[in-house]
Structure formats: structure tokens, C-alpha cells
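Scroll down for the structure; my scribbles are underneath it.
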Amino acid sequence: MKLPIGAAALSVLFVSSMPAMGDDLFGFELSGSLREGGFERYVPPVTNPLFNETPFITTEAKPLYIYHRIPDGFVSNGGTINVAALQLRLALTERFAFIATSDGYSNLDFEDVLEDDDGPNDVAFGVKYAVHYDPAGGSIATAGLRYTAPAGNLSTGPLELNGTGNGFLNPFVTGAYILGDLQLQGSVGAQISLSEDNWSFVHLSGHADYQVIDNLFPYVEFNLFAPFDGGNQIVGGPLSNLTGAEIADIGASDPVTYLTLGGGARYRITDNAIAGLGIEGNLLNRDDTVFGLRVTADLVLHF
């Protein structure tokens, strides 16, 4: 699978044709929590797209691109990772949806030491359910569960960066509160490796956006990744604390915590399309992790 340009184009056609189908298709509430009488404001987060799941129940296609800069102090003396992917969500009721949040293709370009590679990413899919649903009060809370299948094919030398082990389970909770032009959102979950090959970690994200003019929503976000178990690809020694980002797992035995802070803006193009752009940097342990600087761009095409 190469960069999903064709898939993104198909998603644009799919979503643009959905209004003609009506809200009710085969008895399903495709507009989810954005249905008439539901939430009118929808500004999903941009950074950490694999784990910072929106609590809103939607039917949408979300093509996205990530430019990821590796710190110069890392063992590879820097480099870049480029990712292109397509996320899909399907609402069946105002509270329940299927989600597919990881796929696509990555290109790894290291400056030195490590070998370059490119290939497909792992595939993650699951469900989510709004356990608290109050459009009138502007609040929603959603619980979900994802499974990541080891379908990827990224490696550098002897290190398998994805596609290893038995995959991951990811239980999570996410919520939002809307007060006028302000929206606050947060999510927390655990990415649990089902084998000894990969790391396991807790992820925590926060988001705040504010509508400054019609259709423009500047935002700030943070993302915390705190490992609670390492992998077995690098065990002991001076490199045992090397830490991959969520898109590439180095599998070292002693990964470190990293915290990112970023911001950007979303712009609503039409009633059914909102674009996002964000930049974020790592605030902790820059030389231990591959996360230095990241730019994320997406287009959310929703029912």
C-alpha cells in the first residue's frame, strides 16, 4: 500500500455524497452525535491522531499527513519520518461508532547509523460508546476499545519498528465540554502490548480551542506518553532507554516518558469539512526519543 492519495479522493467523494442518503441508512443514525438535536459544534483534535480520539460519535473520513523530525542528539544523529494515512469512523447511533484509526504508509530517513526504510503501518480498529451524552449542557464522555493488528512492515537493521508480536489492546476514555466559543477536551488510555516484543504505555492528551472568528478555531494541545513496560529488542546497556514514538516502536527494555506541547488551528471549510494544521515539540528527554518536532495536517470529512 502506497500513500493513500486514491483512498483520500474516494473518501472525499463518499462523504460529499452522504447528505443525499439521508440521516437514516438501514436504520443507522449515521450523523451520530451531530444529528439534529445533538451537538452543533464539532472541532476534533489534530495532534496525536492515533490516540487522542474525539469523544463525538461521527461518520467521517480523515486523510492525514505527518512530518516528524528526529532530534539531532538521537543515536541516528537526526532524520525524518513521513506518514500518510486515512482514518475512518462509522456512527450507528448517536452514542455508538466503529473506528479505524491507524493504517497508511511511513517513510523513515535517518541521517546516520540506522538504516532507512519505508512500508505500511500497523492497522488499528475498534468501537466507542458515549456513556455520558448531554448536548444541551455541552458535555460528552465516551469509552472505547481498539485492537492494533501487527500488519506493518517497518524495520531498521535488526529492529522491527512495527508488525511484530501479537498486536496491542487500547482501552481509552475521552470527553469534551463546550462553553460558548470555548471547547475543552481530554483523553486517557493505555496501549497494552500483547507480547514481549513491544512497549506498553499510558497516554494522556488535552485540547482547548476557541472560535475567534467565524469558522476559525485556534487551539493548544499536549500529549503525554508514559511507558510502564518495555520491549525485548534492546535489553540492557546504554541504548536500552531509546524510545520510539507512537508510530514506530523501537522495542527497548527501558523506554522513557515524553511530553509534547503544540498548537495550531482548525478552519471549517463547509458544514461537512474541517481542516486542521498543528505543530508540536517534545519537552522531555529529547535525546532518548525519536520525537523532536512534528507537523500534522488533516481534513475531516464528516456526515
Side-chain angles (χ1 to χ4, degrees), residues 2-5 7-8 11 43-54 60-74 76-87 101-111 114 116-122 124 152 154 161-162 185 187 203-210 212 215-225 243-249 258-269 273-301:
K2 291 295 182 180
L3 300 186
I5 297 174
S11 70
V43 184
V46 176
T47 66
N48 188 20
L50 272 66
F51 294 107
N52 192 11
E53 180 68 19
T54 173
E60 67 182 39
K62 179 182 177 182
L64 63 93
Y65 167 74
I66 295 173
Y67 170 82
H68 181 107
R69 181 69 188 175
I70 300 170
D72 292 341
F74 191 67
S76 66
N77 298 316
T80 60
I81 305 174
N82 288 272
V83 182
L86 175 66
Q87 296 184 336
T101 56
S102 176
D103 61 11
Y105 199 85
S106 291
N107 177 275
L108 286 73
D109 184 10
F110 299 107
E111 289 294 333
L114 301 176
D116 299 342
D117 195 22
D118 61 89
N121 302 319
D122 288 342
L154 286 174
L161 304 181
N162 64 19
Q185 180 182 313
S187 68
H203 57 87
L204 175 67
S205 296
H207 163 101
D209 68 71
Y210 190 84
V212 292
N215 301 320
L216 182 62
F217 308 87
Y219 69 85
V220 293
E221 294 177 352
F222 75 85
N223 301 290
L224 176 70
F225 296 83
T243 306
E246 76 284 9
I247 57 177
D249 176 18
Y258 65 95
L259 171 67
T260 74
L261 179 65
R266 279 205 177 277
Y267 181 77
R268 179 158 293 285
I269 303 168
I274 185 168
L277 180 66
I279 184 170
E280 60 181 321
N282 186 8
L283 302 182
L284 303 175
N285 298 305
R286 291 184 57 88
D287 293 344
D288 295 325
T289 80
V290 301
F291 203 121
L293 182 72
R294 179 181 289 185
V295 177
T296 302
D298 68 30
L299 176 62
V300 182
L301 304 160

What residue among Phe225, Phe74, Tyr258 forms side-chain contact (heavy atoms from CB on, under 4.5 Å) with Phe291?
-> Tyr258
List for me each residue that meets salt bridge (charged side-chain N to carboxylate O under 4.0 Å, His left out) alongside Asp287, sequence neighbours excluded, and say none if there are none.
-> none
Which residues satisfy the salt bridge (charged side-chain N to carboxylate O under 4.0 Å, His left out) test with Arg268, sequence neighbours excluded?
-> none
Starting at CG of Asn82, measure out to CD1 of Ile247 and round the result to the nearest 0.5 Å.
-> 9.0 Å
Is there a donor-acceptor contact under 3.5 Å from the side chain of Asn107 to the main chain of Asp118?
-> no
Qualifying residues under side chain to side chain donor-acceptor pair (under 3.5 Å), relative to Ser205, sequence neighbours excluded = Asn48, Asn223
Residues forming a salt bridge (charged side-chain N to carboxylate O under 4.0 Å, His left out) with Asp122, sequence neighbours excluded | none
Side chain to side chain donor-acceptor pair (under 3.5 Å) against Gln185, all qualifying residues, sequence neighbours excluded | none
Give a yes-or-no answer on whether the side chains of Ser187 and Asn52 include a donor-acceptor pair shorter than 3.5 Å.
-> yes
Go through the structure and list residues passing side chain to side chain contact (heavy atoms under 4.5 Å, CB included) with Phe222, not counting sequence neighbours.
-> Leu204, Leu259, Leu261
Is a donor on one side and an acceptor on the other found under 3.5 Å between the side chain of Asn282 and the backbone of Thr260?
-> no
Do Arg69 side-chain atoms and Gly78 backbone N/O form a donor-acceptor pair below 3.5 Å?
-> no
